[in-house]
Each structure stands twice: as structure tokens, then as C-alpha cells.
Amino acid sequence: QVQLVESGGGLVQAGGSLRLSCEASGRSFRRYTMGWFRQAPGKEREFVAAIKWSGTSTWSADSVKGRFTISRDNAKNTVYLQLNNLKPEDTAVYYCAADLQGSGSALSAHYDYWGQGTQVTVSS
């Protein structure tokens, strides 16, 4: 199995930045596609960004393009999400997820393992 632990969330003012980290353990960090999703209270889980194992292919939601950047360091078994120019509507619990097939997807159903989430709160 794969265990994923997110960190880096917190409270930030609008326009500020955060960097979220997701460390994987329990299994080698191989050629997984890694994704970030978020869920605000009362809303559906939403795709944010994904990255293939090589780090050369990434996808992101239209709502975060130009503001959020996903990256990974396979040597550290860690995936990052850089959040810039944060807006109040970005407030949510952010989850990282691993697609062990490495197929690449923006659909949550295609991911096999999930972290516990880290809270990002953006104040106006």
C-alpha cells in the first residue's frame, strides 16, 4: 500500500502563497501519476492538478492555471503544489492522490490512494 501525508496548509491572506507537500511512504515512489484535489464544505471534490512520474507532463484545472504549479521530486518521494495569488474561493481541504497505473487522469476515481488532506484557508 501507499501512504500519503500532506502538509503545508494554513491560513493566508488573499494574494498570498503557500506550498503544499505530499510525502509518500510504504511503497516505492515509482511511476505513479500524482494528483491534487480539493474539497470545500458542501461542494464536490474538485480536480486541481496532476503530474506524471517524469514531471514533464502536467495538467491543471482552469480555475488555478497561472496561479498553481505542481511538481515532484521522486528522490524525496514528494509531490508539491505551489499556490500563488490565493483567493478566498481557493479555501478547501487539499488532498494528494496516487494513480499507481500511472495512466494520468483528472478523475478522482482513477486514483488508488489518498492522503488525509491539509486545510487551506484564504481570508479576504
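Residues: numbered from 1 along the sequence shown.
- Here the CD atom belonging to E23 is positioned 8.5 Å from the CG atom belonging to N77, to the nearest 0.5 angstrom.
- Heavy-atom minimum distance, L18 versus G8: CD2-O, 3.8 Å.
- In terms of heavy atoms, V64 sits closest to S60 at CG2-CB, 4.0 Å.
- Side-chain atoms of T91 come within 3.5 Å of backbone atoms of V122 as a donor-acceptor pair (strictly under, hydrogens ignored).
- What you find for Y95 and G115 is that their closest heavy atoms are CD2-O, 3.5 Å.
- Nearest approach of S124 to A14, heavy atoms of both residues: CA-CB, 4.5 Å.
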I would like to know whether Q116 and V5 meet side-chain contact (heavy atoms from CB on, under 4.5 Å); could you show each step before the answer?
CA-CA 6 Å; Q116 83 289 349; V5 179; 4.0 Å; yes

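- Atom CD of E44 sits in a sparse spot, with 12 or fewer heavy atoms from other residues, nucleotides or ligands closer than 6.0 Å.
- Between R67 and N85, the closest heavy-atom pair is NH1-O, 3.0 Å.
- A distance of 11.0 Å separates NZ of K52 from OG of S105, quoted to the nearest 0.5 Å.
- Linking Ile, Leu, Val, Met, Phe, Trp and Tyr whenever their side-chain heavy atoms come within less than 4.5 Å puts M34 and Y113 in one cluster.
- Here the CG-OG1 distance, from D90 to T121, works out to 11.0 Å after rounding to the nearest 0.5 Å.
- Taken together through direct or relayed side-chain contacts under 4.5 Å among Ile, Leu, Val, Met, Phe, Trp and Tyr, I70 and L86 form part of one hydrophobic cluster.
- Side chain of R72 to backbone of T33: no donor-acceptor contact under 3.5 angstrom is found.
- Of the options F37, W36, Y94, a ring-ring contact (aromatic ring centres under 6.0 Å, His included) to W114 is made by F37 and by none of the others.
- Cluster annotation: V79 is connected to V120 through the hydrophobic network of ILVMFWY side chains, with a link wherever side-chain heavy atoms come within less than 4.5 Å.
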Walk me through whether K65 and D62 qualify under salt bridge (charged side-chain N to carboxylate O under 4.0 Å, His left out).
CA-CA 5 Å; K65 284 182 178 177; D62 289 342; 3.3 Å; yes

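- Closest approach of F47 and A106 over heavy atoms only: CB-O, 3.4 Å.
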After noting the C-alpha distance and the side-chain angles of L81 and T69, does the key distance pass the side-chain contact (heavy atoms from CB on, under 4.5 Å) rule?
CA-CA 6 Å; L81 186 68; T69 302; over 6 Å; no

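- Note that CZ of R38 and SG of C96 are 15.5 Å apart. Values are rounded to the nearest 0.5 Å.
- Taking hydrophobic clusters as Ile, Leu, Val, Met, Phe, Trp and Tyr residues chained together by side-chain heavy-atom distances below 4.5 Å, V93 does not share a cluster with F68.
- Linking Ile, Leu, Val, Met, Phe, Trp and Tyr whenever their side-chain heavy atoms come within less than 4.5 Å leaves Y80 and L20 in two separate clusters.
- Atom CG of L100 sits about 11.5 Å away from atom OH of Y111, to the nearest 0.5 Å.
- A donor-acceptor contact shorter than 3.5 Å is absent between the side chain of E6 and the backbone of T118.
- For the pair Y32 (side chain) and A97 (backbone), a donor-acceptor distance under 3.5 Å is absent.
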Between S63 and E89, is the side-chain contact (heavy atoms from CB on, under 4.5 Å) condition met? List the steps.
CA-CA 10 Å; S63 60; E89 53 263 42; over 6 Å; no

